[in-house]
Amino acid sequence: MSKLLSDLIFAGARTLCDRAGARIAEWSGGPSADEPLAFQETAYALPTALALTGQRVDLPAHAEQLISEVRVATLEPPAKVESTADLGPALAAGRSALVAAEIIEAAEIIEAAGKLDARIAWQGFPSDALFRSLGVRLVDGRLPAVCTIVGAPSTVEDAVSIARGLQQRNILTLLTSSTNGRRMAEQLASAGVEMGWETLLVPLGPSTTAAVFALGVVARAAMAFGGLPPGDDDARDRILGYCKERVSAFILALGADDLTTEQGLNEASCKLAMAAGGLNFGVPTVTDAEIPEILDHGICAYEALVSGVPLDGIVAKGIEVRGIKLSVTEIPIPVPYGAGFEGERVRKENVHAEFGGRRSVAFELLRGRAMDEVEDGKIQVIGPDLDEIEAGDALPMATRVEVAGRTFREDFESVLERRIHEFSGWTSGVMHIGQRATVWLRISREAYAAGFRLAHYGEVLIAKLREEFGALLDKIQVTIVTEQAKVEAMLDEARAVYRERDERVRGMQDEETDRYYACTLCQSFAPDHVCIVTPERPGLCGAYTWLDCAASHEIHPRGPNQPVVKGETLDAVKGQWQGVNDFLEVASNGALTRFSAYSIMEDPMTSCGCFECIAAIVPEANGVMIVNREFGGMTPVGMTFSTMAGQIGGGIQTPGFLGIGRLYLGSRKFISAEGGILRVVWMPSELLEAHRDQLLKRAREAGCPDLVDRIATERDATTPEELLIHLERVEHPALTMESLF
Ligand code: SF4
Ligand code: ZN
């Protein structure tokens, strides 16, 4: 490291300490002197400060004391900096800079937020719940790295291309700071790039100090997952050692044009001081600015500060310098591909082609075949392709994936099939919702204009199935059909397969097994959500039965479907077991402690967002109504499916409401704690007819053989008043059952 660089780091650290000191003096001199100075929804107060100093900062007085302590390390830059061993003081100054930055952020929340671009929702401090879900994904490799962007490149095009490059590699990108008044989040917003946690592009905070939030996540990972308590210098070094080993993070400092003004230089020295702070965590910085470098090894995995990197290679350089191993499958398609595109919507005005939803039939089916029945890599499109229709048109679609492998078992089919949702959604410009025969697919005008055609959809499925299940599959072929008559004929066959799969699990009873399975696949967007899947209660998306989970666990022993040993039965009627509760507490990041498998009223299971149906109590009727996703009309609780979905989704427990899979409707255990099928007072006619046989069977067992005809549909009632009149007329049993409350 050069003397010049060391001096700049010290100057920046001092500036930050002074700013923090001034801010705290203002705070404690003002009316809020006794108010706690800490972030919301965290048990770690100011987590970076806690990890680095062992001190908990809760009140302005603590902050004042701590600032005066850490400021000492910023006062005297060493006279000579010649070897790696001389870096110690600069690293210490960097730590002081981080503590100061965190105090500034805590005191200011988001400075002058009102004056900023209103299109951007700055996320600020990530709560513990959010950090846990990020941390888990960082540690298990689903998120290969975190990149913190400090500053902004000079053009919007560069900003977009850097963002896309990071997204395509599934790297979580946190946007902070500015360069000469430019903010990368604002550049992306002006180009219409979608930002948020689900697209992996997160506007964290507008100022340089916001970069400390990224290190706060890293520090919490060490304290929480590494079980390392904060404390003295040794404790600190253990925490920093863990971060260096386990958490892949790097900083991209963008834009160098502010170095030419004094104010810019001042800000740049603050950025450098923060970067020096990052080095303590093994987080290197890569920049396009021409500044002195720190090429010493031993601080981070490789070099610590690399400068003068051209923007078109800066993402790759960051990955290389941090030593991140990425397995990127190159898929030969004309649009970008990566996890960050999963949350992307294709709006109506922007649709080139649509399949399923309410406008046409669309389904997908994955089948295992004999080795000689599959031609590996073959993609067939039968019927009109995207360039043979008018923009905005709807087409029917059958997606048939056929696989062959020596160890492939029929049980695995639905496990692989369910992944089609994720694999296709990762394609930029492709929106995929649902599964089986409820698929709804949209392809955007941009994707079409870029040359995307249906065969590319097949390419995506083949590439991803091979990447994820290569050990299981020797051959994969995809057939996409868009001809109405053919799709309909194939649908009959598909429905028979779906039914057969459901029957296989329908025979089994919960009491026969000592283990259930969890599914945490949906934690990617509902961080605390856990499905507990039992033989008689499938996952609420309808795609995971107990057998599916067992198969999935066999394929991916460390994957999202872990076995849950039931343990002691706490309540056989409600369906509570000690083992399930214990598992839940860990898997929900501490958010949930109890689940009832068979109750809608007490500790019901959480709902993520992909439930096929919603069950909701209708208090006036002392019963429960069920509405399916496809039903667009009003229900007797005064809400449509989508309004209710918005309120109960996201992984929370909402007593009185339950997201459920269709299969659960015919289960012996369907809300059995509240009386099961006898409670059902209303269903859309289509749903009722689709499940009539199973419902009939349960109704007979419950001693009310004509119950199914007493259940109201939208033809009988859409308000509680109408419903009550109907129920009284047919003498529905719910009216005389024990009160739900
Ligand atoms: Fe798994 Fe439940 Fe999500 Fe279905 S809804 S994928 S079972 S977590
Ligand atoms: Zn879900």
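Read the numbers this way: they start at 1 and go in the same order the structure lists the ligands and their atoms. Quick note: numbers below take in every heavy atom, side chains included, and nothing from hydrogens, waters or symmetry partners. No experiment lies behind these values; they were computed from the predicted model shown.
- In terms of the side chain to side chain contact (heavy atoms under 4.5 Å, CB included) criterion, residue partners of Gln653 (sequence neighbours excluded) are, by chain and number, Leu592, Phe595, Asp603, Thr606.
- Numbered from 1 in the order shown, with element, the atoms of ligand 1 that lie under 4.0 Å from a heavy atom of Arg418 read 6 (S).
- With a 6.0 Å cutoff to the six-membered ring centre and a 45° limit on the axis angle, Arg537 counts as a cation-pi contact of Tyr664.
- The contact set between ligand 1 and Cys608, taken as ligand atoms under 4.0 Å from a residue heavy atom, comprises 5 (S).
- Metal site remark for atom 1 (Fe) of ligand 1: Cys519 contributes an N, O or S atom at a distance under 2.8 Å.
- Side-chain contact annotation: Gln578 with Asp582, donor-acceptor N/O pair under 3.5 Å present.
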Which donor-acceptor pairs under 3.5 Å do the side chains of residues 607-614 make with protein atoms, sequence neighbours left out?
{"from": "Ser607", "atom 1": "OG", "to": "Gly659", "atom 2": "N", "distance (Å)": "3.0"}
{"from": "Glu612", "atom 1": "OE1", "to": "Arg662", "atom 2": "N", "distance (Å)": "2.7"}

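- Close approach to Gly539 involves these atoms of ligand 1, each under 4.0 Å from a residue heavy atom: 7 (S).
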**Request:** Just do the salt bridge (charged side-chain N to carboxylate O under 4.0 Å, His left out) check on Arg418 and Glu364 with the steps written out, would you?
**Result:** CA-CA 9 Å; Arg418 162 72 186 173; Glu364 54 206 20; over 6 Å; no
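- Taking backbone and side-chain atoms together, Cys531 has an N/O/S atom less than 2.8 Å away from atom 2 (Fe) of ligand 1.
- Counting atoms of ligand 1 from 1 in the listed order, those under 4.0 Å from a heavy atom of Leu540 are 5 (S).
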